[in-house]
There are 2 protein chains.
Amino acid sequence: MNDDMMLNEKAVAGGRSGWKQDPAGVQKNILAVAMTEFAANGLSGARIDEIAAKTHTSKRMIYYYFGDKERLYGRVLEEAYRHVRTGEEELELDHLPPVEALKRLAEFTFDHHSRHPDFIRIVMIENIHHGVYLEQSELIRLLNAGAIQKLEAICRRGRANGLFREDVSPLELHWHISASSFFNVSNQATFSRIFGSTLYTVDGQRSLRDHLVEMVVGLALKLDRAKGRARRAARP
Amino acid sequence: MNDDMMLNEKAVAGGRSGWKQDPAGVQKNILAVAMTEFAANGLSGARIDEIAAKTHTSKRMIYYYFGDKERLYGRVLEEAYRHVRTGEEELELDHLPPVEALKRLAEFTFDHHSRHPDFIRIVMIENIHHGVYLEQSELIRLLNAGAIQKLEAICRRGRANGLFREDVSPLELHWHISASSFFNVSNQATFSRIFGSTLYTVDGQRSLRDHLVEMVVGLALKLDRAKGRARRAARP
DNA sequence: CACACTTTGTACCAGTCAGTTAATTTCGTC
DNA sequence: GACGAAATTAACTGACTGGTACAAAGTGTG
């Protein structure tokens, strides 16, 4: 047990030094394990005893720090969003021309989601629960507020440039990028079992990503809309 | 109880007439209720007692006909796929020119998914379980085999026409259409709670769908690829 | 080192839930 | 109208699981 404590760097790195006991580290450890378990088994599928067993501490501690299963899940949800969103912060797009920035953002999102399958699974689970736990978290709404700001800036510059459509919607761009990036991870199991895994090889993934970028850029740009003209002209 | 039986049209419509008892009808009823319950609560979240209570029959019957919870879930999964895929059969595309056919297919898929949220939820749940139950069903693979054939036909005609790119991939087109159509339903809860529900109004949905069609068509067509040229030229 | 407070371990409980036992009713057939 | 098979019901069980009681041990302070 002592050895385990020593292995945890944060115990020393944390604010209050000299403590052998490490509440923050224990909570962090619990959250990490709980995240994996919830991601793997869902809210009702995850077992508190199982989480406890995989922790450096005991079941009692879970209840001590988090109250009950649902609140633990709520914290895991927040942690998942925080972790992923802060990972996105490092992206610097302002110095790129709008089109390049948009490409880069889409590519990054695609790769980023694919690098965080547990986050995707948590969001899937939260959607199964109709987002009721997400709603209880002000933090998550805050975290995400900044997520479209990058896109809004890009669109503003793109319109100023005269390259982007005037009616381009940052929110909708975000939706399309998210949809493909999310689905790519969330539905890999069923899709590949039904249609084979060609799209989940390195080449397949690159192709999907490149085409997604192509499509999103095409949606934002002004040009070559000519052939879309025949679209359902009148709808009374 | 007798009244309930009478209300069930299938009891008479079924093969063997004259029976008051109606095994097929009972099973159908159980499957329908189970579908709703599994879709609402997941595999581990759904309660057999709850399913039984909402049925016209009893818990014992569920075990009598389906064995155990997992096999019931498996049957629900098959039923969900069957129901949705047979709904797709009615789509007649062969008489339309390739571009129109592609548009129509994408639009249909988008609307169809949005009309069958329970199917989407079941597939979400199945993905949470890594698709292990889907794998056990030969039926589902069969049902889906025909799903891309429509797209393959369209692409063949489109290439013959000279309008479609030579390297267009039906599978990938299917993937992109599915991704947006699926995500639109699966992530509505979290997306709308975070970013508001503008995209889930009638206008928002129409816009999403129209743009999806636009993007997919753009991906299939040959023209206006010029501006995509600057893409990561060399990757050694 | 003694005191107040926080953190942790052990053992246990009470409710839930998938699955079963055994007996009863319904149906076609002879 | 009696017989055997299929269909159905109600009550039960045993394992699991979320949550708790209580006791013990660590920590800074004086």
Side-chain angles (χ1 to χ4, degrees), chain A residues 1-6 8 10-12 14-31 33-34 37-38 40-76 133, chain B residues 1-6 8 10-12 14-31 33-34 37-38 40-76 133:
Chain A
M1 176 67 80
N2 282 329
D3 294 341
D4 287 7
M5 295 260 181
M6 286 311 160
N8 193 341
K10 292 289 175 244
V12 181
R16 19 182 178 168
S17 57
W19 273 54
K20 248 196 262 163
Q21 288 179 315
D22 178 24
V26 171
Q27 290 178 54
K28 201 167 182 171
N29 177 228
I30 292 174
L31 279 176
V33 174
E37 284 298 301
F38 280 127
N41 307 309
L43 173 51
S44 46
R47 300 284 163 245
I48 293 280
D49 285 306
E50 190 62 24
I51 294 174
K54 293 184 177 168
T55 298
H56 295 152
T57 178
S58 68
K59 178 165 139 179
R60 181 67 188 78
M61 282 299 94
I62 297 174
Y63 285 98
Y64 181 74
Y65 285 124
F66 298 98
D68 61 16
K69 195 185 189 183
E70 298 205 344
R71 265 176 287 179
L72 174 61
Y73 169 77
R75 287 290 307 278
V76 165
Y133 299 96
Chain B
M1 176 68 77
N2 282 329
D3 293 340
D4 288 11
M5 294 258 179
M6 287 309 162
N8 193 342
K10 292 290 174 236
V12 180
R16 18 182 179 169
S17 58
W19 272 55
K20 247 197 259 161
Q21 289 178 319
D22 176 24
V26 171
Q27 291 179 53
K28 202 167 181 169
N29 177 227
I30 292 174
L31 279 176
V33 174
E37 284 298 302
F38 280 127
N41 307 308
L43 174 50
S44 47
R47 300 287 162 242
I48 294 282
D49 286 304
E50 190 62 23
I51 295 174
K54 294 183 178 169
T55 299
H56 295 152
T57 178
S58 69
K59 177 165 144 180
R60 183 64 187 85
M61 282 298 94
I62 296 174
Y63 286 97
Y64 182 72
Y65 285 123
F66 298 98
D68 61 16
K69 195 187 189 183
E70 299 205 343
R71 264 176 287 180
L72 174 61
Y73 169 78
R75 287 291 306 279
V76 165
Y133 298 96

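Lettering of chains follows the sequences in order, A, B, ..., and the numbering in each one begins at 1. What you are looking at is a predicted structure, and each value in this text was computed from that prediction instead of being measured.
- Phosphate contact (OP1/OP2 of D/dA7, side-chain N/O of B/T57, threshold under 4.0 Å): absent.
- For A/S58 and C/dG9, the shortest distance from a side-chain N or O to OP1 or OP2 is below 4.0 Å.
- For the pair A/Y64 and C/dG9, the criterion of a side-chain N or O lying under 4.0 Å from OP1 or OP2 is not met.
- Rounded to a whole Å, the CD1 atom of B/I62 is 10 Å from the P atom of C/dA18.
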## Note on the structure
With sugar-phosphate taken as primed atoms, P, OP1 and OP2 and all else as base, the protein-contact string of nucleotides 14-22 of chain D at under 4.0 Å (heavy atoms; B, S, -) is ---SBBBBB
Which donor-acceptor pairs under 3.5 Å do the side chains of residues 45-54 of chain A make with protein atoms, sequence neighbours left out?
residue, atom, partner, partner atom, Å
A/R47, NH1, A/S44, O, 2.9
A/D49, OD1, A/K59, NZ, 3.1
A/K54, NZ, A/E37, OE2, 2.7

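- Atom-to-atom distance recorded for B/M61:CE and B/I30:CD1 is 7.5 Å, nearest 0.5 angstrom.
- Scored by the side chain to side chain donor-acceptor pair (under 3.5 Å) test, A/Y133 finds A/E70 as partners (sequence neighbours excluded).
- Take B/R60 and apply the salt bridge (charged side-chain N to carboxylate O under 4.0 Å, His left out) test, not counting sequence neighbours, and it matches no residue.
- Residue A/M61 contributes atom CE, which lies 12 Å from atom P of C/dT10 at whole-angstrom precision.
- The two residues A/L43 and A/K69 make their nearest non-hydrogen contact at O-NZ, 2.9 Å.
- Residue A/F66 comes nearest to A/Q27 through the heavy atom pair CZ-O, 4.0 Å, listed as atom of the first residue, atom of the second, then distance.
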